[in-house]
Amino acid sequence: MSQKVFVNTTVIQYLYQIGLFDILGSLFGEIYVPVEVKEEIESGLREGVDLPNLLEVDFVKIYDCKCQVFLPVVRDLGRGEAAVIFSGLKEKDALVVLDDNLARQVARELGLKVTGTAGILIVAKQKGLIKKVKFYLERLKEKGFYLSSAHEQIILKQAGEKI
C-alpha cells in the first residue's frame with residue numbers, strides 16, 4: 001500500500017502561487033484534499049485569491065473525511081487543518097502536509113508524519129525537480145509566507161545550500 005498524502009490549504013496556495021503546485025503530483029502521484037480544504041480554496045477563489053480549481057487537477061483526490069465531530073476539538077485549528085490531521089490518523093503511514101505551527105505540533109503529538117511547504121521544496125530538490133530551494137523560499141516570502149531567518153537557515157542546510 002502506498003503512502004497517502006493529505007494536504008492543507010496554505011501548502012496548495014503557496015505552491016500554486018510560486019508555480020510549483022504540479023510538483024505535488026510529481027512527488028506523490030496523487031494527493032488527498034478534504035472537503036474542508038476544498039471549501040477554503042473555493043472561498044479564496046471567490047475572493048480573487050490566485051488559487052487552483054482543484055476539480056480540474058487530475059492528481060487531486062477530494063474526499064469527505066467525515067470528521068465533523070473532531071473539527072471543534074482543537075479550537076485554534078482551522079477546519080482544513082483539523083480535517084487533514086484527522087485524515088492522517090485514519091490512514092496507516094500517512095503524511096500530512098501542514099504549514100501552521102500549532103497544526104504541525106498537534107499532528108506530531110498524535111504521532112503523524114508531518115512536512116510543510118519548505119519540506120516539499122527540499123524533497124523536490126533531492127529528486128531533481130528544482131535546482132535551488134533558496135530561490136523558491138524567496139518567492140514564498142514575496143507571497144507573504146512567514147519564515148524566520150533561523151528556520152530558513154535550517155531549511156537551506158537540509159537542502160545542502162549555502163546559508
Side-chain angles (χ1 to χ4, degrees), residues 2-34 36-38 40-41 43-45 49-52 54 57 59-62 65 74 76-89 91-163:
S2 63
Q3 178 182 56
K4 284 197 174 180
V5 179
F6 300 96
V7 183
N8 192 40
T9 307
T10 58
V11 178
I12 293 168
Q13 173 187 339
Y14 284 118
L15 288 176
Y16 184 78
Q17 290 177 354
I18 64 170
L20 289 181
F21 179 62
D22 289 342
I23 218 158
L24 292 169
S26 299
L27 290 173
F28 305 114
E30 60 187 18
I31 62 169
Y32 292 84
V33 175
E36 291 81 2
V37 169
K38 177 182 103 38
E40 289 174 354
I41 295 287
S43 176
L45 281 167
V49 179
D50 185 24
L51 295 164
L54 297 178
V57 182
F59 64 86
V60 172
K61 306 300 177 202
I62 297 168
C65 72
V74 182
D76 293 334
L77 292 184
R79 291 176 50 82
E81 294 160 343
V84 166
I85 291 169
F86 182 77
S87 298
L89 290 171
E91 290 288 331
K92 184 179 181 192
D93 197 40
L95 175 66
V96 295
V97 190
L98 302 154
D99 285 331
D100 180 78
N101 282 333
L102 177 62
R104 291 167 64 91
Q105 179 183 346
V106 168
R108 283 191 185 105
E109 287 174 1
L110 292 169
L112 295 173
K113 293 178 186 174
V114 180
T115 195
T117 300
I120 296 296
L121 294 178
I122 292 168
V123 174
K125 181 181 179 189
Q126 292 168 345
K127 303 269 185 184
L129 299 173
I130 63 173
K131 291 182 182 183
K132 293 281 186 188
V133 169
K134 185 169 181 59
F135 172 78
Y136 289 103
L137 288 180
E138 292 302 320
R139 293 193 64 204
L140 284 169
K141 289 190 290 186
E142 290 169 7
K143 298 293 181 183
F145 186 86
Y146 173 74
L147 189 62
S148 71
S149 60
H151 193 200
E152 183 174 5
Q153 290 176 12
I154 291 168
I155 293 163
L156 293 174
K157 185 176 181 182
Q158 290 176 343
E161 297 180 22
K162 292 183 180 181
I163 298 170

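The shortest distance between side-chain heavy atoms of F28 and I120 falls below 4.5 Å. Counting heavy atoms from C-beta on, the side chains of T115 and I122 never come closer than 4.5 Å. Residues L51 and T9 form no side-chain contact, since every pair of their non-hydrogen atoms from C-beta on lies 4.5 Å or further apart. V60 has its side chain out of reach of K38: every pair of non-hydrogen atoms, C-beta onward, lies at least 4.5 Å apart. T10 is not listed as a side-chain neighbour of D100, based on a closest heavy-atom distance of 4.5 Å or more. L147 has its side chain out of reach of L140: every pair of non-hydrogen atoms, C-beta onward, lies at least 4.5 Å apart. Between V7 and I12, the closest side-chain pair of non-hydrogen atoms falls below 4.5 Å. Using a 4.5 Å heavy-atom cutoff, the side chains of L98 and V11 are not in contact.
At a threshold of 4.0 Å, the pair E138-K141 counts as salt-bridged, since one of the basic side-chain nitrogens sits closer than that to a carboxylate oxygen. Residues E161 and K134 are not paired through a salt bridge, judged by the lack of any N-O separation under 4.0 Å between the basic side chain and the carboxylate.
Pairing each heavy atom of I41 with each of P52, the nearest pair is CG2-O, 3.4 Å. Of all heavy-atom pairs between L129 and S26, the closest is CD1-CB, 4.0 Å. Nearest approach of S87 to P34, heavy atoms of both residues: OG-CG, 4.5 Å. Closest of all the heavy-atom pairs between A107 and V96 is CB-CG2, 4.0 Å. The shortest non-hydrogen separation linking N8 to G80 is OD1-C, 3.3 Å. The two residues E36 and A83 come nearest to each other via the heavy atoms OE1-CB, 3.4 Å.
Classified by interplanar angle (parallel below 30°, tilted 30° to 60°, perpendicular above 60°), the ring pair F21/F59 is tilted. Ring planes of F6 and Y32: tilted class, angle from 30 to 60°.
Rounding to the nearest 0.5 angstrom, the gap separating the CG atom in L112 from the CD atom in E91 is 11.5 Å. Summarising the geometry, atom CZ belonging to F86 is positioned 13.0 Å from atom CZ belonging to R79; distances are rounded to the nearest 0.5 Å. Of the inter-residue distances, the one linking K4 atom NZ with E30 atom CD reads 7.5 Å to the nearest 0.5 angstrom. With values rounded to the nearest 0.5 angstrom, L15 atom CG is found 10.5 Å from Y136 atom OH. Atom NZ of residue K143 and atom CD1 of residue I18 lie 9.5 Å apart, to the nearest 0.5 angstrom.
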Test side-chain contact (heavy atoms from CB on, under 4.5 Å) applied to V133 and Q158, step by step: CA-CA 10 Å; V133 169; Q158 290 176 343; over 6 Å; no
Using the side-chain contact (heavy atoms from CB on, under 4.5 Å) rule, take L156 and L137 through it: C-alpha gap first, then chi angles, then the decisive distance, then the call. CA-CA 9 Å; L156 293 174; L137 288 180; 3.9 Å; yes
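Heavy atoms from other residues, nucleotides or ligands lying under 6.0 Å from NZ of K61 number more than 12.
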